[in-house]
Amino acid sequence: MTDTTSPTRLRLEQLRDEIHFHNYRYHVLDTPVISDYEFDRLLAELRQIEAENPEWVTPDSPTQRVGSQPAARFDKVRHPGPILSLANAFSVQDVYAWNERITRIDERVAQADYVVEPKIDGLSVVLHYRNGIFILGATRGDGEVGEEVTTNLRTVRSVPLRLPVDPAGPPAPAYLVVRGEVFMNIADFDALNRRLEQAGEKAYLNPRNTAAGSLRQLDPALTASRPLNLLTYQIVSIDGQAPVTQWETLAFLRALGFPVSKEASHQPTLDAAMVEVQSWEFRRSSLPFEADGMVIKLNDLVLARDLGFVGKDPRGAIAFKFPAQEVTTKLLDIGVNVGRTGVLTPYAMLEPVDIGGVIVKQATLHNFDYIAEKDIRVGDRVRVKRAGEVIPYVIGPVVELRSGVESVYQPPTACPTCGEPVENLSGEVAWYCVNAACPAQLIRVLEHFVSRGAMDIVGLGIKIVEQLIDSGLVHDVADLYTLRREDLLALEGFAEKKADNLLAAIDASRGQSLARLVTALGVRGVGEVMAADLARFFPDLEALSRASLENLQTIEGVGPNTAQAIVDWFERPANRQVIGKLHTAGVWPQAVSPTEPVGEQPLAGMTFVITGTLPTLSRDQAKEYIQAHGGKVTDSVSKKTSYLVAGEAAGSKLAKAQELGVPVLDEAGLRKMGGN
Ligand code: IVH
């Protein structure tokens, strides 16, 4: 029998409440109160308890956001009421005409107030809650029957799994059905596409398609990996009294813990509403998501209901559509960029054109398959879209406007920068330049090598990288370690202090872990996590460079493609030379460095705060060190802090620790406690 009062069980409940709350602070309110690290610790503790007590796992547990078994198909769900659409207005006159029409039907409209909301370009979803627990989620479908995507929606961080999310909120109705929009923020969309392109996979066309495609995945784990978001705006059905105005509906949804658009506003008259709507036309690119217009809604929901609907469009609301950010122009030529991993990306060179106030000369063509699939020819008139901050892209050709002189594009067989032959891996759409000495790649390779998650060479930005390459001082990453003071002083903008600082930063990076060095090499498919796994498996770079395909694939997470990419990388003579040079230059970390995870966890259960400058470890390295030895690092000193690790120029944190009686360690003291 399950004991619901045992300390473990109580801890489990407490953890769930806390995690739901912090998740909400982060994903809905945008004001987290704990660090990601602390959040992960809470989640890990909950996972542990659930792993030991599987009978306690419930669908509303925050651990269930990861996505479970893939489904064979989606079930159908009948919505509790029609999920309506919206009529469109394309001009201010259209909106006033709408208002006059409905005033003729019901004179109460003459005194009406309004709510204005962004029209989020995503896909409509319907969420069901029984006694506050999220039990069912569906897509809109045809408005009457949708597809059941509960497990997928559970992976969306801003979908509340349990209401009210904040215990201080109003009690959840016995049954509640809410409607909202699932979408992807533009920045997340761009980042996802960059990742896909670098991994040689097909990029997505726009945030809306991506959100729709991600939600309608049969494998929820895939949905979980996509940065999807939710905003809610309507109560479809409720047990008990529903709010009688739209403005109160939004407040009620917010109070229960649903995400609600921050940009929604309450307007006393239609004139005021239209001023607001039009102001958004010019500010639309400041929205984090794509909006194709603003929705103007009668605030009085009783009046709106009484007005009824025309077809699938309720009379009580209208969508004011922003002008399309889409134009046609001439495709003058197709250029090709070479990325860090050597991936070749085609782009359109366009006859300059104004899209929403921005002159566009270039647009992405995603990949060579895309050009072929859409039959995009040089000389074509093409449709180009630019929405918000999304990089402009070519939608397709206007075939009717062809004159016959357009030419079919042939993808390059050689790298446009270095002239070496390009390669295509089976199963990938991308073509690669595999010459590590390719100058186009070298800039990106170096940029990545010195970046924060890799060798973390502070002060070595893109400008200096370019200078070093252009001046012929650096031909590969290993050359950084043989730079001399006089070499740098000969470069423009380098005074003694700058040169010395850079050399010191480069020198300090020799102490980085093997995991970071492996990340820094930038082998395709090998990110930070996999690099850390490889660094646990192989004692040094030499051992990794000799690893066989079979051997590599025994490591969890390393599939055949990545294993092949690793083997290929180390087989290339230029890369072998780089490894040899790194060795000679003393950039040769061993698997067990002080910052690597170690077997013993002498710091387990202790919480540390780091302040000031430590003699040998950077802030990040000290943090890694503590974590690798089982300790926890937080940002501020409190009574719960076990130790303050203080270096030179420690300030207010030191004072606070002394005030609270928190013991203070220096770096040597920390290493002593950690055992090395
Ligand atoms: S209200 C009766 N509000 O736009 C309620 N819809 O073109 C009708 N949409 O199907 C919908 N943001 O998927 C409403 N703030 C918003 C919206 C919104 C996006 C979508 C919704 C609808 C489509 C109509």
Side-chain angles (χ1 to χ4, degrees), residues 79-90 94-95 98 102 114-127 137-147 149 153 158 177-186 206-209 211-212 215-216 228-238 242-254 258-267 273 276-277 280 284 287-322 324 387-388:
H79 301 307
I83 300 303
L84 298 172
S85 189
L86 283 173
N88 289 325
F90 297 97
D94 284 355
V95 177
W98 157 74
I102 59 174
Y114 299 81
V115 169
V116 172
E117 299 169 17
K119 185 167 175 322
I120 308 137
D121 204 6
L123 81 157
S124 222
V125 292
V126 180
L127 310 164
T139 61
R140 174 172 185 268
D142 63 5
E144 282 171 25
V145 176
E147 285 177 325
V149 287
L153 278 169
S158 46
V177 184
V178 164
R179 174 173 180 190
E181 205 80 359
V182 166
F183 62 97
M184 195 176 277
N185 276 332
I186 294 168
N206 58 51
R208 205 209 94 85
N209 286 2
L215 190 66
R216 296 188 65 260
L228 293 176
N229 253 312
L230 171 79
L231 283 174
T232 57
Y233 48 77
Q234 193 194 353
I235 293 173
V236 178
S237 165
I238 187 170
V244 293
T245 67
Q246 176 63 8
W247 193 237
E248 284 161 353
T249 301
L250 297 181
F252 178 69
L253 290 171
R254 199 179 279 124
F258 286 101
V260 172
S261 158
K262 290 188 194 63
E263 295 82 10
S265 66
H266 182 199
Q267 303 293 342
E276 172 73 4
V277 165
W280 276 109
R284 63 191 284 196
L287 290 168
F289 48 80
E290 275 199 341
D292 52 344
M294 298 299 285
V295 188
I296 304 149
K297 301 179 177 179
L298 284 177
N299 190 31
D300 182 344
L301 294 178
V302 179
L303 170 57
R305 190 201 56 209
D306 291 350
L307 281 166
F309 38 91
V310 188
K312 286 189 172 171
D313 305 333
R315 285 204 179 86
I318 195 158
F320 177 87
K321 301 285 283 238
F322 292 141

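Note that the numbering runs from 1 along the sequence shown for the chain. All ligand and atom numbering here is 1-based and tracks the order in the structure. Because the structure is predicted, anything quoted here is derived from the model rather than measured.
- Taking a 4.0 Å cut-off on heavy atoms, Pro314 registers as neighbouring ligand 1.
- Atoms of ligand 1 found under 4.0 Å from any heavy atom of Ser85 (numbered from 1 in listed order, with element): 8 (C), 24 (C).
- Leu298 CG to Asp306 CG: the interatomic distance, rounded to the nearest 0.5 Å, is 11.0 Å.
- Every N/O-N/O distance between Gln234 and ligand 1 stays at or above 3.5 Å.
- Atom 1 (S) of ligand 1 has as its closest protein heavy atom Lys297 NZ, 3.5 Å.
- A salt bridge links Glu147 with Arg216: at least one charged nitrogen is closer than 4.0 Å to a carboxylate oxygen.
- Heavy atoms only, all atoms of each residue included: Ser261 and Leu231 are closest at N-CD2, 3.5 Å.
- Exactly one of Asn299, Ile296, Val295 qualifies for a side-chain contact (heavy atoms from CB on, under 4.5 Å) with Tyr114. That residue is Ile296.
- Scanning the protein for heavy atoms near atom 15 (N) of ligand 1, the closest one is Glu117 OE1, 2.8 Å.
- Using a 4.5 Å heavy-atom cutoff, the side chains of Glu117 and Lys297 are in contact.
- At the top of the distance list for atom 13 (O) of ligand 1, counting protein heavy atoms only, stands Glu181 OE1, 2.8 Å.
- Under the 3.5 Å distance criterion, the side-chain polar atoms of Thr139 are left unmatched by any main-chain donor or acceptor of Val125.
- Of the polar atoms of Ser124, at least one N or O is found under 3.5 Å from an N or O of ligand 1, judged by distance alone.
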Could you please spell out the steps behind the side chain to side chain donor-acceptor pair (under 3.5 Å) verdict for Gln267 and Ser265?
CA-CA 6 Å; Gln267 303 293 342; Ser265 66; 2.8 Å; yes
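- Among all non-hydrogen protein atoms, the one lying nearest atom 17 (C) of ligand 1 is Tyr233 CE2, 3.6 Å.
- Of the polar atoms of Ile120, at least one N or O is found under 3.5 Å from an N or O of ligand 1, judged by distance alone.
- Using a distance-only test at 3.5 Å, with no hydrogens or angles considered, no donor-acceptor pair links the side chain of Trp98 to the main chain of Ala87.
- In terms of modelled atom types and a separation under 3.5 Å, the side chain of Gln234 and the main chain of Gln246 share no donor-acceptor contact.
- Within the structure, ligand 1 has Pro118 among the residues with a heavy atom less than 4.0 angstrom away.
- Note on ligand 1: Ala319 sits outside its first shell, no heavy atom being nearer than 4.0 Å.
- Taking distance alone, with nitrogen or oxygen atoms compared against 3.5 Å, Leu86 stays at or beyond that limit from ligand 1.
- When only non-hydrogen protein atoms are considered, atom 4 (O) of ligand 1 lies nearest to Lys119 NZ, 3.2 Å.
- Here's the thing with Arg179: one of its N/O atoms is less than 3.5 angstrom from an N/O atom of ligand 1.
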